[in-house]
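Please read the structure below before turning to the comments.
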Amino acid sequence: MSEKKRIRCKMRHNGRSLLLVLSLLSLLAGGCWDDRELNELGIVSGSAYDWEDNEWKGTYQVINPSSGSSSMGGSGGGSTSSPPFLTYTVKGNTIMQAIERTNLTSTREMFFSHSRITVIGESLAKRGISQLIDLFLRKPDARETVYVFLAEGEAGRILDQLMQLTKNQGAGIQLMIEQEARLTSYFPGIRLFEMAMQLSSDSESSTVPEIKLTGNRVMDRTDDTAQTDLPSRIAFGRLGVLKVDRFVGWLSQREAFGLSFLTDKVKKANISFPSTPGKSDRDDASVTLLHSSTSVHPIWEKDHFVMDIDIKAGGILTEIGSELDLEKASSMRQMEHAIENNIAETIDTSWHAVKKLNADVTGFAVSIHRNHPKRWKRIKQEDSWDTVFQNIEIRPHVKMKIERIGLIGSAYKSLEPK
């Protein structure tokens with residue numbers, strides 16, 4: 001290689017090295033535009049909002065970094081008598097004004113990116129929650145994936161309650177609602193962005209589980225959790241119904257269960273039923289549903305819509321209190337028919353409750369829009385959806401299959417000496 005060529009190669013190599021170094025320096029010099037130290041932040045695990053004295057009232061549950069290991073399952077080197085979280089309650093004309101005022105009472109800035117739940121008081125829900133949804137969708141560190149709950153009384157009171165077996169109450173409630181959806185299917189949890197999508201859909205309605213305390217006193221001292229049975233616990237109650245952005249009423253547990261079938265949200269559930277309906281109407285047997293699927297087909301008949309609802313489910317027999325011979329196919333069909341009637345009646349009960357509230361939490365509007373676009377266009381032009389909804393007729397068709405009968409073939413009652 002000539003001397004000139006060797007010099008040109010070296011200059012090209014040096015130029016590439018210089019570009020690489022400059023690129024790395026630019027990355028290091030840029031940093032993060034909103035970087036903050038961890039010890040400057042108050043990590044919010046849950047929030048609650050009420051409307052009081054014509055103002056927003058926000059309650060924020062902040063993880064206490066000085067809380068150490070305790071009987072609630074924590075670990076660490078802090079004080080065991082210190083509560084696992086602290087709550088801050090502030091008021092403001094706007095939500096952000098309330099959040100800003102927490103800085104006047106705390107040494108740490110509220111940080112919402114790890115928040116798990118938010119609770120809305122009934123008074124605020126009746127007033128309207130569109131501004132709250134807007135904040136969650138707009139604020140950079142707010143999480144639109146938080147689970148949403150309704151409280152009949154003051155929402156902030158829920159966040160003061162301590163839980164056993166977990167230190168992070170927000171994460172604990174999240175686990176409770178996910179477990180509920182997986183095992184019982186009464187109150188499927190809903191995240192804030194899902195609620196916003198449902199309220200802005202053709203149905204303009206959504207449901208939110210109720211969260212409440214089972215007792216009158218809030219257990220907010222760490223000493224309170226040193227009991228095997230707390231006199232007051234966090235529990236799920238009913239299912240709140242929202243229309244547009246306002247609370248319009250509650251559905252009972254049975255009505256909520258029927259809605260889960262209507263909206264295809266049943267994953268696993270227990271159903272009790274009479275095993276010998278001809279002799280007794282008393283529930284004396286149970287089946288655990290292992291799978292269920294629902295399909296809805298809207299049909300225009302004469303002057304109204306009929307919703308054909310096909311439900312297919314299967315499960316395992318888990319108890320029986322009669323002497324029914326499980327070896328006979330007729331006995332199995334008798335029980336399957338009883339379960340089918342139970343599900344159909346539950347759906348019918350739910351449908352009547354939903355019609356009474358006049359809120360399309362069934363999603364029928366979306367289904368009609370998809371299957372009958374021209375007729376839907378006419379409904380929108382005439383602004384007659386509420387009238388059309390009230391005239392809808394449902395026809396549930398339930399097909400149940402008991403796939404297993406458990407570990408013994410005969411009912412234990414039939415083996416008892418006569």
Side-chain angles (χ1 to χ4, degrees), residues 46-49 116-122 124-125 129 145-153 155 157-159 161 163 166 169-199 203 205-214 232-243 246-272 286 288-294 311 313 342-343 345-354 356-357 359-363:
S47 59
Y49 298 93
R116 307 295 187 95
I117 64 164
T118 191
V119 186
I120 301 171
E122 188 177 333
L124 173 60
I129 58 170
T145 55
V146 295
Y147 280 100
V148 187
F149 299 92
L150 278 176
E152 184 174 19
R157 193 165 171 261
I158 300 292
L159 297 188
Q161 174 78 18
M163 296 177 74
T166 180
Q169 191 221 40
I173 294 174
Q174 178 186 355
L175 289 174
M176 280 178 62
I177 194 64
E178 290 176 347
Q179 175 178 270
E180 195 282 331
R182 192 174 67 251
L183 299 180
T184 63
S185 304
Y186 293 144
F187 312 114
I190 187 165
R191 297 176 186 269
L192 190 130
F193 76 92
E194 294 171 328
M195 183 181 72
M197 289 172 64
Q198 290 179 3
L199 292 176
S203 294
S205 302
S206 184
T207 57
V208 180
E210 179 194 18
I211 192 167
K212 64 177 186 178
L213 300 179
T214 57
S232 179
R233 293 178 181 275
I234 288 174
F236 301 133
R238 298 163 291 178
L239 195 64
V241 176
L242 301 176
K243 185 173 182 179
R246 294 171 190 266
F247 170 80
V248 293
W250 297 103
L251 296 179
S252 69
Q253 179 177 304
R254 188 171 187 230
E255 291 162 353
F257 191 36
L259 184 63
S260 291
F261 274 110
L262 280 170
T263 52
D264 195 22
K265 290 182 179 174
V266 174
K267 294 179 180 175
K268 191 176 180 181
N270 180 78
I271 294 178
S272 298
S286 296
T288 298
L289 294 187
L290 300 177
H291 58 85
S292 173
S293 64
T294 303
I311 297 172
N342 184 307
I343 295 174
E345 287 173 5
T346 304
I347 290 173
D348 196 53
T349 301
S350 175
W351 172 238
H352 280 91
V354 169
K356 192 174 180 181
L357 295 175
D360 179 25
V361 288
T362 56

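Quick note: numbers below take in every heavy atom, side chains included, and nothing from hydrogens, waters or symmetry partners. Since the structure is predicted, the reported quantities are computational estimates derived from the model, not experimental observations.
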Of all pairs that satisfy salt bridge (Lys or Arg N to Asp or Glu O under 4.0 Å), the ones with a partner from residues 182-198, not counting sequence neighbours: Glu178-Arg191
Atom pair CZ/CD1 of Arg254 and Ile347 - distance to nearest 0.5 Å: 10.5 Å
Ile271 side chain reached by Phe257 side chain, heavy atoms, under 4.5 Å: yes
Polar side-chain atom of Asp360 near backbone of Ser205 as donor-acceptor pair, under 3.5 Å: no
Distance-minimising heavy-atom pair for Ala256 and Leu251: N-CB, 4.3 Å
Minimal non-hydrogen separation, Met163 against Gly172, with atom names: CE-C, 4.1 Å
Ser232 backbone acceptor or donor facing Gln161 side chain under 3.5 Å: yes
Closest heavy-atom pair and its distance - Ala359, Val354: O-CG1, 3.2 Å
Expected output: side-chain Thr214 to main-chain Arg233 donor-acceptor under 3.5 Å: yes
Expected output: side-chain Glu180 to main-chain Tyr186 donor-acceptor under 3.5 Å: yes
Rounded distance [0.5 Å steps], CG in Leu199 versus CE in Met197: 11.5 Å
Steps toward side chain to side chain contact (heavy atoms under 4.5 Å, CB included) verdict (Leu239, Val208): CA-CA 6 Å; Leu239 195 64; Val208 180; over 6 Å; no
Heavy-atom closest contact (Pro209 atom, Gly189 atom, distance): CG-CA, 4.3 Å
Partners passing ring-ring contact (aromatic ring centres under 6.0 Å, His included) against Phe187 (at least two apart in sequence or in another chain): none
Residue pair Met176, Tyr147: steps toward the side chain to side chain contact (heavy atoms under 4.5 Å, CB included) verdict: CA-CA 11 Å; Met176 280 178 62; Tyr147 280 100; over 6 Å; no
Mutual orientation of the aromatic rings belonging to Phe236 and Phe149 [parallel < 30°, tilted 30-60°, perpendicular > 60°]: parallel
pair Leu150-Ile211: side-chain heavy atoms closer than 4.5 Å: no
Taking every non-hydrogen atom, the tightest pair across Ser286 and Ser272: OG-OG, 3.2 Å
Test item: Leu175 and Thr166 side chains (from C-beta on) under 4.5 Å apart, heavy atoms: no
Heavy-atom closest contact (Gln169 atom, Ile158 atom, distance): NE2-O, 3.0 Å
Any donor-acceptor pair under 3.5 Å from Glu152 side chain to Glu210 backbone: no
Ser350 side chain vs Thr346 backbone, donor-acceptor pair below 3.5 Å: no
Candidates Leu242, Ile129, Ile120 - the one meeting side-chain contact (heavy atoms from CB on, under 4.5 Å) with Phe247: Leu242
Nearest-0.5 Å distance that lies between atom CG in Leu159 and atom CD1 in Ile173: 7.0 Å
His352, NE2: over 12 other non-hydrogen atoms inside 6.0 angstrom: no
Report, one line per pair, each donor and acceptor closer than 3.5 Å where one atom sits in a side chain of residues 262-269; sequence neighbours left out.
{"unit_1": "Thr263", "atom_1": "OG1", "unit_2": "Leu259", "atom_2": "O", "d": "2.7"}
{"unit_1": "Asp264", "atom_1": "OD1", "unit_2": "Thr294", "atom_2": "N", "d": "3.1"}

Validation row: Ile117, Val146 side chains within 4.5 angstrom (heavy atoms): no
NZ-CG distance between Lys243 and Leu357, expressed to the nearest 0.5 angstrom: 9.5 Å
